[in-house]
Amino acid sequence: MAERNYWTRMKRNRMSRRGLLRASARAGVGAAGLALVGCGDDDDDGQPAAAQVQQQQDQVEQQAEQQAMQQQQQDATAEEQQAAQEEQAAAAQAQQSGGPVFGGMVQIPGDDGGLFDPAATIHGGTDASIFQCFDFVNYMDEGNVITDAMGELPEIVDDLNFVYQIKQDVYWQDLPPVNGRQFTAEDAVFGYERFSQDNPEFVYKDRYSLVERFEAVDQFTMHVEASEPFAPLLVAMAETGALMVARDVVEQFGDAEVSSNPDAVVGTGSMMLDSREPDVETVLKRNPNYYRPSHDGGKLPYFDGYNIIWGLDNALRIAQYIDGKTDFLWLQWYGELQEIETVRAEAGEDSIVAVPNPVAFGLATHIHTKREPYTDARVRLALHLATDRPSLNAITLGAGVIGGPVAETISPYGWGLDQLSQLPGYRSGDEREEDLAEGRKMLEASGYDPDNVPPMEVWGDFASDYGQVLQQNFRQIGFEVDILELTTADSLAARQNHEFSMITLGQQAAADPDLLYNDLHTTGGQNYGEFSDPEIDDMLVKGRTTFGVENRKAIYDEIQTKLLEEHAPRLWWHWSLPTVGHRPWLQGFRPTPGITPTNQVMNECWFDESRTI
């Protein structure tokens, strides 16, 4: 009870000791005043010296708190006024430009991979479609800025304790079994705790492994307590996959159905699943009870819904766009500049708007380190040395950059091409010939059986070209491997169930290099290839429990060096730099640092009067 009273009181006062020190400094009191210490025994009122000192200290602290509160109120008032002015200016500008207005169905090419559970999938098509039905407590917006959503930004009490206030106007969609009830702190606690459950399909289970507890202090207050300092915690709380699923839905359907049954797609997001016909179309409709306000005082989103059109290959996607049948050239977070130029050449310069959108997403070849012949690090390193990164990246048509274990966009931890091009496996010219020669030696020294090499799986809908380049690369060091093309659903299932030998599929990054814990720690939720090395495990733990950019950078530099020089549990070669192409009549689209946060941007988009679809 005492602890509950403490958190309730802190919620009411909203001023921690650390916050008081910061506010006091602004008010001109300073920490020295708060730590006033006296000596001697002058006591005009006859009190003992110690008591007088304590009284003086209490008076100074009281004065400091009053001044701090006044300053805080002034700051808050100024911030509110500025926010109101900015909102009015934005509304005025929107009105002058003929928008924003409500209505219209967005036409988007894509699919969803048949996986719907935020805890279980990193499939980009799902992120772009079904995940519109869910929402965040906080999320990562442009520039990797943590942004409020269903909850306010957290109050940082100390290095271990964080308090989130849940907004009181958020409701679940008016669908069974939640039937439009209010979203509460208990819902947020369940949503986050669920990611950490011991379910082999839950790919984000390690994100919150250093959280001691999530606690609903009252109906709208969530307390998060870490067991030890955890540098990326607030980022992890707001990352791409941190979408909330209701306890009611899980209890009614079960985890397996939440992942695979469209009827279980019930969230707090701006869109509701209306219908889904695999290989044909998914239709989402506007959630009339979504909490975020529009510029004119209504409720977002502006669109009536989305039509996600399935089964479009590259040529058909371009043709459909040129014929005016889609609003996006591809998914709303992905695109190739070369395809945009093709559209401009055929339909005119004004037919498409190009938006650079450096989401942290890439492609890699995941190697199963417990399957022969890849149990031997020498085989994996030989393939790493043989991989021709420039040839693979050329297939992306300018939508990606050559990369290593950490994306360059995760600054300052990721390595760019200038640094990577000096390393074995990334070098060119005569130095690449040296790498190939070293790869042959490693392969021969491993003693692997060339007659028992399992086929290399590739995502047939997307990655077959990459598979063919890799096949040719490996042949240069004498490693022969066949290609097995799989459908999207089978590829995802094979990787998720660890039933592959070497498979080329996407990989998601994050806003923090702690993504490597998720990918490669022995217990990592996305450690599909079952890589395990005690030294790497220890370094990954050190990286997430160390504060300070320079300190952490040194740790992750060492980790990346060891991965590329000693282990090669994956073949890293590509991180995305997509350029989204959309119709000129679609207004309000902007970049985000991840795939799922694009959903938040789409809520604020609208069609102007020039739309012709």
Side-chain angles (χ1 to χ4, degrees), residues 111-127 130-131 194-207 209 240-241 243 245 250 253-262 264-265 278-279 361-375 379-380 383 452-464 466-467 470 481-508 515-533 568-572 595:
D111 58 40
D112 60 37
L115 291 171
F116 315 132
D117 188 344
T121 181
I122 61 168
H123 179 246
T126 304
D127 287 353
I130 297 297
F131 279 3
R194 183 169 180 266
F195 285 108
S196 302
Q197 292 178 5
D198 189 19
N199 184 327
E201 293 187 353
F202 285 7
V203 296
Y204 299 109
K205 63 183 180 180
D206 59 276
R207 282 292 201 264
S209 60
T240 291
L243 297 163
V245 173
V250 175
F253 289 93
D255 286 333
E257 289 291 296
V258 170
S259 180
S260 61
N261 186 346
V265 177
D279 299 323
F361 172 83
L363 289 172
T365 302
H366 306 258
I367 301 175
H368 201 305
T369 63
K370 297 295 188 289
R371 300 283 178 88
E372 296 293 345
Y374 308 116
T375 56
V379 175
R380 304 194 303 266
L383 300 183
N452 287 294
V453 175
M456 172 175 56
E457 299 93 343
V458 300
W459 177 12
D461 297 345
F462 183 73
S464 58
Y466 301 113
L470 286 168
V481 60
D482 292 330
I483 294 177
L484 175 62
E485 292 193 0
L486 302 175
T487 64
T488 299
D490 287 344
S491 295
L492 293 170
R495 185 177 63 175
Q496 200 92 343
N497 298 326
H498 302 194
E499 295 174 350
F500 66 93
S501 60
M502 183 166 58
I503 189 168
T504 297
L505 271 172
Q507 62 174 8
Q508 283 198 30
L515 73 97
L516 289 179
Y517 188 104
N518 202 38
D519 285 352
L520 297 172
H521 190 276
T522 299
T523 65
Q526 291 173 211
N527 187 358
Y528 306 111
E530 300 181 17
F531 172 72
S532 180
D533 180 80
R570 292 187 183 181
L571 302 180
W572 289 281
I595 300 172

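Worth knowing before you read on, the calculation uses all heavy atoms, side chains too, and leaves out hydrogens, waters and symmetry mates.
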Participant: So does Phe500 get a backbone contact from the side chain of Arg495, meaning a donor-acceptor N/O pair under 3.5 Å?
Facilitator: no
Participant: Would you say His368's side chain and Tyr374's backbone share a donor-acceptor pair under 3.5 angstrom?
Facilitator: no
Participant: Under 3.5 Å, side chain of Thr488 to main-chain N/O of Gly113, donor-acceptor pair present?
Facilitator: no
Participant: Which atom names give the shortest non-hydrogen contact between Leu383 and Leu571, and what distance separates them?
Facilitator: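 Minimum heavy-atom separation between Leu383 and Leu571: C-CD2, 4.1 Å.
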Participant: Can you confirm whether Phe131 sits close enough to Thr126 that some side-chain heavy atom of one is under 4.5 Å from a side-chain heavy atom of the other?
Facilitator: yes
Participant: Return the minimal non-hydrogen interatomic distance between Met456 and Gly467, and the atom names on each side.
Facilitator: CE-O, 3.4 Å
Participant: List the atom of Tyr204, the atom of Pro118, and the distance in Å for their closest heavy-atom pair.
Facilitator: CE1-O, 3.4 Å
Participant: What is the distance from atom CD1 of Ile130 to atom CG of Asp111, rounded to the nearest 0.5 Å?
Facilitator: 10.5 Å
Participant: So, for Ser501 and Pro455, which heavy atoms are closest and what is the spacing to 0.1 Å?
Facilitator: OG-O, 2.9 Å
Participant: Asn527: which residues meet the side-chain contact (heavy atoms from CB on, under 4.5 Å) condition with it, sequence neighbours left out?
Facilitator: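 Asn527 satisfies side-chain contact (heavy atoms from CB on, under 4.5 Å) with Phe531 only.
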Participant: Rounded to the nearest 0.5 Å, what separates atom CZ in Arg207 from atom CG in Leu515?
Facilitator: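 Between atom CZ of Arg207 and atom CG of Leu515 there are 7.0 Å.
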Participant: State the CZ-OG distance between Phe116 and Ser260, to the nearest 0.5 angstrom.
Facilitator: 7.5 Å
Participant: Is the closest side-chain heavy-atom distance between Gln197 and Val250 below 4.5 Å?
Facilitator: no
Participant: Is there a donor-acceptor contact under 3.5 Å from the side chain of Asn518 to the main chain of Val203?
Facilitator: yes
Participant: If you define the side chain from C-beta out and look only at heavy atoms, does anything of Val258 sit under 4.5 Å from Arg194?
Facilitator: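 They are in contact (side-chain heavy atoms under 4.5 Å apart), so the answer is yes.
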Participant: Tell me, please, which residues at least two apart from Tyr466 pass ring pair (Phe, Tyr, Trp, His ring centres under 6.0 Å).
Facilitator: Trp573
Participant: Which heavy atom of Pro454 sits nearest to which heavy atom of Glu372, and what is that distance?
Facilitator: CD-O, 3.6 Å
Participant: Atom CD in Glu457, atom CD1 in Ile483: separation rounded to 0.5 Å?
Facilitator: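 Glu457 CD to Ile483 CD1: 11.0 Å, rounded to 0.5 Å.
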Participant: List the atom of Ser491, the atom of Trp459, and the distance in Å for their closest heavy-atom pair.
Facilitator: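 Smallest interatomic distance, heavy atoms only, reads OG-CA, 3.4 Å.
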Participant: Testing Tyr528, Phe361, Trp572 one by one against Gln507 for a side-chain contact (heavy atoms from CB on, under 4.5 Å), which residue passes?
Facilitator: Trp572
Participant: Any heavy-atom pair between the side chains of Met502 and Leu470 that's under 4.5 Å?
Facilitator: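 No, side chains not in contact.
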Participant: Atom CD in Gln496, atom CZ in Phe202: separation rounded to 0.5 Å?
Facilitator: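 That separation rounds to 10.5 Å.
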Participant: Report the distance from atom CG of Asp490 to atom CD1 of Ile503, rounding to the nearest 0.5 Å.
Facilitator: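 If I round to the nearest 0.5 Å, the distance is 9.5 Å.
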Participant: State, with a plain yes or no, whether a side-chain heavy atom of Leu115 is found less than 4.5 Å away from one of Asp117.
Facilitator: no
Participant: With no hydrogens and no angle check, is any side-chain donor or acceptor of Asp206 less than 3.5 Å from a backbone partner on Gly524?
Facilitator: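 Absent.
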